[in-house]
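What follows is one structure encoded as structure tokens, with my remarks underneath.
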Amino acid sequence: MDKVFDPGSYEPRWQAFWRERGYFVAQAPSERRPFCIMIPPPNVTGKLHLGHALQSTLQDLLTRWRRMQGYEALWLPGTDHAGIATQLMVERALAEEGTSRQELGRERFVERMWEWKERYQDNIRRQLERLGASCDWSRERFTLDEGLSRAVRVAFVRLYREGLVRRGEYMVNWSPLLDTAISDLEVEMKEVRGQLYHLAYQVEGSDERIVVATTRPETMLGDTAVAMHPEDERYRHLLGKAALLPLVGRRLPFVADPAVDPELGTGLVKVTPFHDPTDFEIGRRHGLPALQVIGRRGVMTVEAGPDFAGLDRFAARTEVIERLRAGGFLLKSEDHVHNVGHSQRSGEPVEPLVSTQWFCDMQRMAERALAAVREGRLELVPDMWVKTWEHWLENIKPWCISRQLWWGHQIPAWYTGDGRTVVAHDLAEAVRLAGTDELQQDEDVLDTWFSSALWPFSTLGWPEDTTDLRTFYPTDMLVTGHDILFFWVARMVMMGVHLTAKEPFHTVHLTGLVRDAEGHKMSKTRGNVLDPEELIGEFGADALRFTLATLDSPGRDIPLDPQRMAGYRAFGNKIWNATRFVLSRVGEARVQGELSPAGLAPAERWVLSRLSRTADEVGRQLEAFRFDEACGRLYHFFWGDLCDWYIELCKPALSGEAPRPRVGEVLLTVLERSLRLLHPVMPHLTEELWHRLPGHEVGHAETLALAPYPQRLPEWEDAAAEAQLGVLVALVSQVRSMRTDLGLPPRTPLTLYLEPSDEAAAGLDEQLPLLRFLLRLEDVRLAAPPEQAAQDLVAGVRFGLEAGAVPLDEQERQRLTGELDKLAEQIANAEARVANAGFLSKAPAEVVAQQRQRLAEMRQRREQILQRLAAAE
RNA sequence: AGGCCCGUAGCUCAGUUGGUUAGAGCGCUACGUUGACAUCGUAGAGGUCGGCGGUUCGAGUCCGCUCGGGCCUACCA
């Protein structure tokens, strides 16, 4: 076995092995219990980032764990066409070639999109494989593939026929740069420093001037009214009259509407029904005419008048202000900080625009999604997200699902020449329904998230009643970032419940964001972006996986420090070398399928006991999705219990110095089960090592990936052995500490005297050879330490080191004095506590007993220190 | 404006239902090439658990207030 630990030398080999053997292809139907996770389909826009690596690691960990537990485990991979995002990328590429999608035309543009998709989809597959993902690639899906497209059409038609999807003219968020409508969620509010302009409007047929304030003066060109609160006495006399719009001269009737806040500004507000959401509602309520003065591209329309038509909306703002000022209509302008919606994808301020779009009414579905969580059918982990979930769903609004893009699912709606709309699964059905073949299909495509919302079941063949769907739906887990809780998770739940009558999964594990070592968000501008592939190259996939899993604490972002990853690479090295040691020492021993602790020495019984308890705890932590805790237990068992203690304890037995029965078998068996326990997090390393263990076939004939996941074995658990070894461990640590304190060079020949309490004495004599070995002692005796020996007390054992003259340097004296001070304080506290009547009567008896015992120990220890100080005088 | 989360060692974080002497990794100090591993071993330094108040025999943990940081939701002209 190679002395050098090099993950790169074996990781690709096992990835190919797993793929070629088809171990991760799920069978349906199956006798086993199903376990299913759908991958959150990455966008086909580029390469995977650490967020994907994190989520994929957790999904793979869960899938491998359940698979080893005997579940029919399916982790279904796939990708998302990501309408706007991908179209933007390709348009950018076209721009570099000096062309555009308009120039190419829709058909050729979409061809280009598919080429792009193929390239990036390959990339994503390769990256997932490098991470060790145990996906079932035979079931890979893409949101625009044939089956999923059909699912989208079926869902759309059904929702339409149920009256939940409709087409209508409403105010939407419009992105002038993208030239499409976007949903509320795609709008990001940003604080903007702007100006609040106070404008004076003349009241018609009167000398009175009223004042309105606005941050968007250019919209005044589209004003059609002035509104006040119905109960605002100050302006009641104006009702029935009209104001005159400056620059334009249009009559603006006064209307009373409760949407106006009389406390704010002058209590009068200009009404621009086509360019402000509130004004749109006011306009509807009062039947106001509406003018669109700003067009799709953010350019003023002819309605804005010849002076402004063709100007960009921001240029128009400047121009309008100039003219108002010149005309004496601008009373004042003041600095004003306010929130402005920006397009999340393209960054520019969104233009509220009235437009004909398709909407999906979410109200009823939202209620059922709320109930799913409240009634426990759906669990959000961590549960701090429940309130956020409820708040959003309780205030849900219709979802604008149409997009003026070319990359996506074209809306299955057709229009006849005479203005009728037909919604159908395909053209043939549309023709039949319309009674004519003179049909024009809607040009728009659906919001990407519409198809994503169907992902958990469309990937399994819905709407067909497929075997896969019957076997694996509803799925079990969803693992994704909290940033798409509304975009995706909520919509999947709503659509799933509505279309399949089932929650699409019962548990959602929401991860945090992967940040840099200092906790900063990774960004290109900051230059702190870490690439998963580079990290895999440097540390290995298993180290990356272990790092991400162990940092996934509930509700927290993940600060990824390469130094820390180096630490987990070192953990891999530790496992590698421990295996190397075991293999070189165990002779003819083999891994045992069944191993009875009867007749074994305490050290062996101890490690078996620790292993059983570790398996139990790891299992429990995984059940609770505490990947951090599960990894922590594995790490400490392997490095601490197994390497630091048990392997060291084996050395004198294996060398023949102090033989014990069946040490080799125990070592191999413990190692094999440890590799099994570790496999879901570190699949490559464990598979590599496992195949080298003689007798590993007891787990599985071919692969560790299908070997049973170790469980607790109560017959291995042994409180007496744990207690005995506990004394040994404490004693060894304390003697080492004393040796350092005394400044004794490591090679100094020492004699250790032990005087145990009755309780600690049990079996101590058997441990003497181990003590001698671990502490490199000259001699160890069960006897009272001589007068001049340095003495101390630990775990009920008084011990002394005879090391000739004991020099006590100044540093050591200070340390001991410091400890005395600390002890004095703690003793005082403990004394006060055990003298407190309230404590004695109300605290549980065991806590009181513990406190008393601790007090006694502290007093004894104080004695020892005083003696040592005195002896050195 | 409302909601949520965080504040524990130099750094990044654990700390489950309140109960011994508050932990880990990294970093730091000292010593160590004992035949698995220097990607290692041994020992050690380092914390008024943001602050104030309360409940309790007992608070990092529960409650109130407060300061600092982050995130989400929101049609205030």
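Residues Leu380(A) and Trp389(A) are in side-chain contact: their nearest non-hydrogen atoms beyond the backbone lie under 4.5 Å apart. In this structure the side chain of Asp276(A) never reaches within 4.5 angstrom of the side chain of Pro352(A), judged on heavy atoms. Using a 4.5 Å heavy-atom cutoff, the side chains of Tyr568(A) and Met682(A) are not in contact. Within the 4.5 Å cutoff, no side-chain heavy atoms of Thr214(A) are placed close to those of Leu196(A). Side-chain contact between Leu671(A) and Phe638(A): present, with at least one pair of heavy atoms (C-beta onward) separated by less than 4.5 Å.
For the residue pair Ser553(A) / Asp628(A), a side-chain donor-acceptor distance below 3.5 Å is found, with atom types taken as modelled. His229(A) and Asp257(A) form no side-chain donor-acceptor contact under 3.5 Å, judged by distance and modelled atom types alone.
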- Item | Summary of protein contacts for nucleotides 31-40 of chain B, nucleotide by nucleotide, where a base hit scores B, a sugar-phosphate-only hit scores S (4.0 Å, heavy atoms) | ---B-BB-BS
- Note on the structure: Per-nt protein contacts along nucleotides 43-50 of chain B (heavy atom under 4.0 Å; B base, S backbone sugar-phosphate only, - none) come out as SS------
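Among the heavy atoms of the strands, none lies under 4.0 Å from Val212(A). Among the atoms of the strands shown, only primed sugar atoms or phosphate atoms (P, OP1, OP2) are found under 4.0 Å from some heavy atom of His338(A). Using a 4.0 Å heavy-atom distance criterion, Ala517(A) is classed as a sugar-phosphate-only contact. At a threshold of 4.0 angstrom between heavy atoms, the contacts of Glu629(A) are confined to the sugar-phosphate backbone, with no base atom among them. Among the heavy atoms of the strands, none lies under 4.0 Å from Pro352(A).
Listed by residue number, the members of residues 266-275 of chain A with any heavy atom below 4.0 angstrom from RNA chain B are Val269(A).
Salt bridge Asp335(A)/Arg193(A): absent, no basic N to carboxylate O contact under 4.0 Å.
Map His391(A) and Trp645(A) each onto its nearest nucleotide of RNA chain B; the residue landing nearer the 5' end is Trp645(A). Mapped onto RNA chain B by nearest heavy atom, Gly555(A) and Leu185(A) fall at different nucleotides, with Gly555(A) at the one closer to the 5' end.
Between the CE atom of Met228(A) and the P atom of rC76(B) there is a distance of 22 Å, given to the nearest Å. In this entry the distance linking CG of Asp628(A) with P of rG15(B) reads 7 Å, nearest Å. A straight line from CG of Leu560(A) to P of rC13(B) spans 12 Å, rounded to a whole angstrom. One atom, CD of Gln853(A), and another, C1' of rU20(B), lie 10 Å apart when rounded to the nearest Å. In this structure, CG of Leu775(A) is placed 11 Å from C1' of rU42(B), rounded to the nearest angstrom. As a whole-Å value, the separation of Trp385(A) CH2 from rC5(B) P is 10 Å. The CD1 atom of Ile396(A) sits 13 Å away from the C1' atom of rU73(B) (whole-angstrom rounding). Atom CD of Glu281(A) and atom P of rC76(B) are 14 Å apart (whole Å).
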- So what is the 5' to 3' dot-bracket string for RNA chain B, if pairs are Watson-Crick or G-U wobble with both distances under 3.5 Å, crossing pairs use [ ] and | means the partner sits on another strand? (((((((..((((.....[...)))).(((((.......))))).....(((((..]....))))))))))))....
In a table with atom names and distances, give each donor-acceptor pair under 3.5 Å that connects a side chain of residues 729-738 of chain A to protein atoms at least two apart or in another chain.
residue   : atom : partner   : partner atom : Å
Ser733(A) : OG   : Val729(A) : O            : 2.9
Gln734(A) : NE2  : Asp792(A) : OD2          : 3.4

Listing, residues 617-625 of chain A side-chain donor-acceptor contacts under 3.5 Å, not counting sequence neighbours, or none:
residue   : atom : partner   : partner atom : Å
Glu617(A) : OE1  : Arg633(A) : NH1          : 3.4
Arg620(A) : NH1  : Asp616(A) : OD2          : 3.0

Show me the donor-acceptor pairs, under 3.5 Å and distance only, between side chains in residues 829-836 of chain A and residues at least two apart or in other chains.
residue   : atom : partner   : partner atom : Å
Glu831(A) : OE2  : Arg859(A) : NH2          : 2.7
Asn836(A) : OD1  : Gly838(A) : N            : 2.7
Asn836(A) : OD1  : Phe839(A) : N            : 3.2

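Between rU20(B) and rC26(B), the distance separating the two C1' atoms is 29 Å to the nearest Å. Remark: the separation of the C1' atoms in rU12(B) and rG47(B) is 15 Å, to the nearest Å. Rounded to the nearest Å, the gap between the C1' atom of rA59(B) and that of rG51(B) is 16 Å. Comparing the P positions of rG7(B) and rC13(B) gives an interatomic distance of 9 Å, to the nearest angstrom. Separating the P atom of rA24(B) from that of rU42(B) is a span of 13 Å, rounded to the nearest Å. Taking atom P in both rC63(B) and rC5(B), the straight-line distance is 11 Å, to the nearest Å. Taking atom C1' in both rG2(B) and rA45(B), the straight-line distance is 47 Å, to the nearest Å. When the C1' atom is compared between rG27(B) and rU73(B), the two are found 40 Å apart, to the nearest whole Å.
Legend: residues meeting side chain to side chain donor-acceptor pair (under 3.5 Å) with Tyr201(A), ordered by chain and number and at least two apart, are Asp223(A). For Arg613(A), the side chain to side chain donor-acceptor pair (under 3.5 Å) partners at least two apart in sequence or on another chain are Glu722(A). Annotation: side chain to side chain donor-acceptor pair (under 3.5 Å) contacts of Asn577(A) (sequence neighbours excluded): Asn573(A), Arg580(A). Every residue two or more places apart in sequence or in another chain that forms a side chain to side chain donor-acceptor pair (under 3.5 Å) with Arg515(A) is listed here: Asp557(A).
Comparing atom distances between the Arg626(A) side chain and each of rC4(B), rC26(B), rG15(B) picks out rG15(B) as nearest. For Lys397(A), the side-chain atoms get nearest to rC75(B) when compared with the rest of rC75(B), rG27(B), rC76(B).
The two atoms that bring Leu510(A) and Gly481(A) nearest to each other are CD2-O, 3.9 Å, heavy atoms only. Smallest separation of non-hydrogen atoms from Val582(A) and Leu668(A): CG1-CD2, 3.8 Å.
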For nucleotides 58-60 of chain B, list the nitrogen or oxygen atoms of the protein found under 3.5 Å from its nitrogen or oxygen atoms, one pair per line.
none

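Using the six-membered ring where Trp is involved, Tyr635(A) and Phe546(A) have ring planes that are tilted, between 30° and 60° apart.
The side-chain hydrogen bond (donor to acceptor under 3.5 Å, both in side chains) test with Thr219(A) is passed by exactly one of Lys270(A), His275(A), Arg317(A): Lys270(A).
Contact between the side-chain N/O atoms of Lys842(A) and the OP1/OP2 oxygens of rG19(B) is not found at any separation under 4.0 Å.
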